[in-house]
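Written out below as structure tokens is the structure these notes cover.
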Amino acid sequence: MDYAIDLIRDIEKKWHAKWTEMQLYKVVEDTSRPKYYVLDMFPYPSGSGLHVGHPLGYVASDIFSRYKRLRGFNVLHPMGFDAFGLPAEQYAIETGQHPAETTKKNIAYFREQLMRMGFSYDWTREVKTSDPKFYKWTQWIFMQLFKCWYNPYTNKAEYLNSLIAILEQEGSTKLFILDKCATSISADDWKQLSEKEQQQFLMQFRLAYLAYADVWWCEVLGTVLANDEVKDGVSERGGHPVEKIKMRQWFLRITNYAERLLEGLERVDFSDSMKEMQRNWIGKSEGALVNFSLANGDGSIQIFTTRPDTIFGASFMVLAPEHHLVEKITTKDQKIDVELYVSYVKSRSERDRISEVKKVSGQFTGAFAINPFSGKQIPIYIAEYVLAGYGTGAIMAVPSNDDRDRAFAEKYDIEIIEVVDQGAYPNAEREDKVGKIINSDFLNGLEVKNAIQKIITEIENKSIGKRKINFRLRDAGYSRQRYWGEPFPVYYKDEIPYLLDEKDLPVILPEVETYKPSGAGKSPLSSLTEWVNLPDGTTRETDTMPGYAGSSWYFYRYMDVDNTEAFASTEKIKYWKDVDMYIGGTEHAVGHLLYSRMWNKFLYDLNLVEVDEPYKKLVNQGMIQGFSKIVYRVSGTNLFVTKGEKHKYEVTELRVDIKLVDGDELDIEKFKMWRNDFADAEFILEDGKFICGSELEKMSKSKHNVVNPDEVIDTYGADCFRIYEMFLGPIDAGKPWDTKGITGVYGFLRKLWRLFVDENGDLKITNDKATAVELKILHKTLKKASEDIERLSFNTAVSAFMICVNELGAAMCYKQEILEKFLITVAPFAPFITDELWQKMGNSGSIHTAVWPEYNPEYLVENSFNYPVSINGKARANIELPIDMPIDEIERQVMALESVLKWTEGKTPKKVIIVKGKIVNVVV
RNA sequence: GCCCGGGUGGUGAAAUUGGUAGACAUACCAGCUUGAGGGGCUGGCGCCCGCAAGGGUGUGCAAGUUCGAAUCUUGUCCCGGGCACCA
């Protein structure tokens, strides 16, 4: 019987049923075995199903889980769904279908696809973030964040009573000095405050707090937009104008964990690039806060600088256009221009603002400040390159040592004072912190490093500022004016937020009539007056939580998925502890991974979890890209033009579903049926064909380039698909999807099958003793496969198996002694075939609980080795030497060889270079 | 723009610690096998010269370190990912 798709389907079906019946992958806590937790980043269940990019990481984690099981570990390998999110909501707005319905349908499809691929998940532990049983605990953790502050003395999160005790005893003076509090009040002051004032005061400490922040607002759509939904300053849908408006929202005080998030990176096994990305995101910089007095004597402006040493060169100041002092300091003459500039900046995204390097822009406010050291009057500008959210939202501009300040000064004709002589560092950039200070009074002659220390001391002596460590990291926005997310367990009384009682959890997401935002950009929930207004006259929070809320802690829920008393029990957390191997995409480097690390540290501070870093090892899978197909529409018409003729027209590009395209040729009939508005489309062809353009990019539904794995599995089976995805290349490399090489993998599986099954479908296994050659082939493969799987190099492991099958095939070997061990090692890659055969071969039990065979080095011993020797990198010859020859003997051999070949023309070698016992070169 | 990766045959790639570059596949070419094929087998396959043996050259480009560089250093070009409300 040949290994063909009918047979494969039978085997897959049979073993699926058997796995479910046996509950083979159900895992229970077992203290007698070491635990191992292999976690996948759970998917967002989109409408188009899994695409071929998802399984890349899932196949890898499954292979690794199966491998660890064979190695005797008790492996937790769960799967779930990140089910709240914007796409389901948008779909609901368009079609009126409840997001819960579409999400449920999508999850069912995803689960079915994941099962088809033969993953060894314990499905009894599945989580869904949109399930009230799950989000009850998301809400619960939020409540703890609200109830806690970050105690700078103990350096951890604590409940507010420890803060209140401090305030009652000594007021906030010390906390103010520590920069943890905006105002300094005495204990008596605190006691005098009304309930409302006290609550407002406490808000500046809570780890979940309310504040005002910018959001993108689109008047025409009547909704708040995500950055992703804003393209080129207009809404992506409809192209309507957008602007930033202030809105009161929830935030998580992640900045309080900045130092610990940075420090924790030292203790985890992430790639260097991943750590680097997180470090940059946190963006720690040391510098100083300095106050610049206004020239009119009316107050001062505080700036943050990392280069206080260049203060003598500060010849102007720049405020962020949103800075709260802009309105106050602007003079009458400049008022109109300043307002115009501010409204221009409102339409600009942060990225656009800081990306602009060719042309800086800004506006003079008419006001002046005094440089506290040079005493000069300097003009105050506003400019988009200064962001309100970074530092203090204001800078002292030093054209001599900052490129943008330089460009700005040149454009607006402002004085440039050179304050650092970098002559001694010919390769130094303007912004590098090296050189000797000049033109700076008492700093003259100092190296930059020393000057920074001296000037900060001087700034502190003059009481005009202080040393400051600044982070680029900002507190995380935690409100969304959306429907499809977790409701907050919060109500308002007299504008002040309070928590609902824990016994009222979960706060169930109520049904709504429409998923469109209700007036003024509020969440759809705000239209539910009955739900919003509570009987006692208080009102509910109507925003919902963001997508990352559930994903910040979901990995704990897998440990104890049905617990109704806690997010997970203490015993189970003690056993599973942390994630040993976490696999997912780099796109989560700074979002999810930073948030969940913070949540984990918070839970750790409250003694609710075992470790303060949740992920021991992180592996990033690359992104599989797809070819998008593009048709060209003559602008403003329903006429489409083939690629070869498009240069004759003014065209707009349109991505079409890749299913409508064969090779590069568009199927016109299918295209007409694809969307109603194309039904009467007309076409300009070349050679009777309509040829599409093509572009390689990230697979996404909106680009219509998603390749679904179902088709591949239908044709070749799940094992072939799994192995092919691994064979494609290293898991951390991104690559375009194509199935060109899949026949090679299919051929490998077929050859593997034929090693022990004949044409009639009968086993042809014997108990004959294996030969030395066969044992060597086997043990070479065992060694290579073990090493490769340990280092997650699955592509080379697959190659090793292919070589083994080729070599065994040539030896016509189908001896049980060999085959058994070989099959166990292939099992993580090809679970269906091997389990089937395992039973047929007369082994009781499942191959998935077998024991991984160790290789025996004795079979691999070579008794001699060949190695090339070269003389001064020129002549070459092979020298054959026994494997265990001592090095001095090797040197003698080489000299003998040389005298024979006369390479050295009678000279003795000066140096014999030996690497790992092998001669690699001889120098004469 | 900033941050992080990556450039090796027609293609996907391998080379684990600086030590014989191109394993393993695929595509292609030639041959054998088959009534037929998404079948099986054998051989060839970086580029240049050569019937061959062999020689030269070769890891985006340009330099450098080294007896020796795909690998380390510097510069440069190109491609991918992220950039705070996509998840």
Separation between the C1' atoms of rU42(B) and rG54(B), rounded to whole Å: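 Nearest-Å result for rU42(B) against rG54(B) at atom C1': 26 Å.
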
Please give the distance between the C1' atoms of rA14(B) and rA25(B) as a whole number of Å.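 Their C1' atoms lie roughly 11 Å apart.
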
How close do A476(A) and I254(A) get, counting heavy atoms only, and between which atoms?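 Closest heavy-atom pair between A476(A) and I254(A): N-CG2, 3.9 Å.
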
What closest approach, in Å, do R474(A) and T255(A) show between heavy atoms, and which atom pair accounts for it?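 Of all heavy-atom pairs spanning R474(A) and T255(A), the closest is C-CG2, 3.7 Å.
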
Rounded to whole angstroms, how far apart are CH2 on W281(A) and P on rG82(B)?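 For the pair W281(A) CH2 and rG82(B) P, the rounded distance is 12 Å.
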
Spacing of L594(A) atom CG relative to rC83(B) atom P, expressed in whole Å: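 It is 13 Å, rounded to the nearest whole Å.
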
Report which part of the nucleic acid [X] touches: base, sugar-phosphate, or nothing (heavy-atom distance under 4.0 Å, all strands).
X       : result
T743(A) : sugar-phosphate
Y724(A) : nothing
E89(A)  : nothing
R750(A) : sugar-phosphate
V215(A) : base
L473(A) : base

Indicate whether any N or O donor in one side chain lies under 3.5 Å from an N or O acceptor in the other, for T796(A) and S793(A).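 S793(A) and T796(A) do have a side-chain donor-acceptor pair below 3.5 Å.
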
Check: D719(A)/Y724(A) side-chain N/O donor and acceptor closer than 3.5 Å: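 No pair is found: no donor N or O on one side chain lies under 3.5 Å from an acceptor on the other.
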
Give me syn or anti for rG12(B), where syn covers glycosidic angles within 90 degrees of 0.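 Chi for rG12(B) falls in the anti range.
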
In Å and rounded to the nearest 0.5 Å, what is the CH2 to CE distance from W250(A) to M545(A)?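 The CH2 atom of W250(A) sits 9.5 Å away from the CE atom of M545(A).
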
Does any N or O donor sit under 3.5 Å from an N or O acceptor when you compare the side chain of Y385(A) with the base of rG1(B)?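 Not at all, since no donor on one side and acceptor on the other fall under 3.5 Å apart.
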
How would nucleotides 8-16 of chain B be written as a contact map, 5' to 3', with B for base contact, S for sugar-phosphate-only contact and - for no contact, using protein heavy atoms under 4.0 Å? ---SBSSSB

Nearest to side-chain heavy atoms of L86(A), which nucleotide of rG38(B), rC3(B), rC86(B):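 Shortest atom-to-atom distance from the side chain points to rC86(B).
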
Tell me whether E787(A) is salt-bridged to K783(A), with the criterion being a basic N under 4.0 Å from an acidic carboxylate O.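 Looking at E787(A) and K783(A), the cut-off is met.
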
Quick one: salt bridge (Lys or Arg N to Asp or Glu O under 4.0 Å) partners of E322(A), sequence neighbours excluded?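 R353(A).
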
